[in-house]
Amino acid sequence: MKKYSIIGICMFIILACSNDDDTKSVDFHYASENFEVAFRSQGTIPQPSIEWPQENGTFSLKEPIEGLTIDENTGALSIERSLQVGEHEVTVIAQSGSQNWETRFLLTSILKYTFWVGGRNNDPDSEEVEYNSILQLYEDGTLDIELIDEVGSEGVGVWSIDGNAIQMWLCTYCSDMNPQDVPQTDEHSYFEGTLDNDMPTAKISGTWFVVRFDPDSTTLRGNFVFEWD
């Protein structure tokens, strides 16, 4: 009986050591935990650093992300124009034989300087919009707007985005105004919608309102659409 007990203990130690080898930690990471790319631009995230315990393995994305592809042999990532605006948590799996390891980083597609063409209507029940305006969004959160072929129609405003939900406060025919002052002015336009990056183009669309402070009121006026130009 004693002999069998000793054999059992030895087998347990051997198996335990084998399991330790199977779960050996590996130094696997990309150059940064945060990457940024301009909205609708293309780019590459270079291959990661990894110390394979034995033979080299392959790489894959744990969850697919539209606009992001991975080279299974090197782990380098290609960013395409179809990547949606906002933050994307990327998890990459490295696998060699029966072993695998994970690493994570944050990829953010951000609006910098962008140029859009579109317009708005005065009917909340209609999706038909005349494309008669030029909209420019700047990285600092300000914007310019202008009615095509309308002299003196240049205006300014501010914008913000959370995920793909976008808000804009603006006025036309007020090019001399400080853009940051627009949300506090009596009777300005407020736009609320979403930014969708549907290839081959991107589109900002939603509803717009007139905001008044004297008397204090917000009135739904219609719908708007602006397309990437």
Check whether D27 reaches the backbone of I50 with its side chain - one donor and one acceptor, N or O, closer than 3.5 Å. no
Check the hydrophobic clustering (I, L, V, M, F, W, Y; side-chain heavy atoms under 4.5 Å; chains of links allowed) and say if I79 and L106 are grouped together. no
pair I204-F224: side-chain heavy atoms closer than 4.5 Å: yes
Between F213 and D186 the two heavy atoms that sit nearest each other are N-OD1, 2.6 Å
Quick check: closest heavy atoms across V225 and S205, and the distance to 0.1 Å? CG2-CB, 4.1 Å
State, yes or no, whether a side-chain contact exists between V158 and Q180 at a heavy-atom distance under 4.5 Å. yes
Partner set under side chain to side chain contact (heavy atoms under 4.5 Å, CB included) for T69, not counting sequence neighbours: S78
Using a 3.5 Å distance criterion without hydrogens, assess whether the side chain of T108 forms a donor-acceptor pair with backbone atoms of I110. no
With a sphere of 6.0 Å drawn around CD of E128, does it hold more than 12 non-hydrogen atoms of other residues, nucleotides or ligands? no
Does the side chain of L111 reach to within under 4.5 Å of the side chain of I161, using non-hydrogen atoms? yes
Going hydrophobic residue to hydrophobic residue with side-chain gaps under 4.5 angstrom, can you get from V90 over to I70? yes
Under 4.0 Å between a side-chain nitrogen and a carboxylate oxygen: does that hold for E227 and K203? no
Do R221 and Y190 touch side chain to side chain, with heavy atoms closer than 4.5 Å? no
Tell me, please, which residues at least two apart from W228 pass ring pair (Phe, Tyr, Trp, His ring centres under 6.0 Å). F39, W116
Could you tell me whether Q42 atom CD has more than 12 heavy atoms of other residues or ligands within 6.0 Å of it? yes
Under 3.5 Å, side chain of S126 to main-chain N/O of D123, donor-acceptor pair present? no
Donor-acceptor side-chain pairing of N197 and R40 below 3.5 angstrom: yes
Between L170 and H188, the two heavy atoms sitting closest are O-CB, 3.8 Å
What do you reckon, are the aromatic ring centroids of F226 and W208 less than 6.0 Å apart? no
Validation row: V117, L135 side chains within 4.5 angstrom (heavy atoms): no
Could you see if F35 belongs to whatever hydrophobic cluster contains L61? Use Ile, Leu, Val, Met, Phe, Trp, Tyr and a side-chain cutoff under 4.5 Å. yes
Could you check whether N34 and S32, counting side-chain N and O atoms only, form a donor-acceptor pair closer than 3.5 Å? no
Taking everything shown except E87 itself, do over 12 heavy atoms lie less than 6.0 Å from its CD? no
Any non-hydrogen side-chain atom of N164 less than 4.5 Å from a side-chain atom of D196? yes
Would you say the side chains of Q136 and Y113 form a donor-acceptor pair under 3.5 Å? yes
Taking everything shown except N122 itself, do over 12 heavy atoms lie less than 6.0 Å from its CG? yes
State, with a plain yes or no, whether a side-chain heavy atom of E33 is found less than 4.5 Å away from one of H29. no
Is it the case that atom CG in D162 sees more than 12 heavy atoms from other parts of the structure closer than 6.0 Å? no
Indicate if V211 and W169 have the same hydrophobic cluster label, given that clusters are the connected sets of ILVMFWY residues with side-chain heavy-atom separations under 4.5 angstrom. yes
Taking atom CG of D176 as the centre, report whether more than 12 heavy atoms of other residues, nucleotides or ligands fall under 6.0 Å from it. no
Donor-acceptor pair, side chain of S153 and main chain of L147, under 3.5 angstrom: yes
What residues form a side-chain hydrogen bond (donor to acceptor under 3.5 Å, both in side chains) with Q47, not counting sequence neighbours? none
Side-chain contact, heavy-atom cut-off 4.5 Å: Y30 with V92? yes
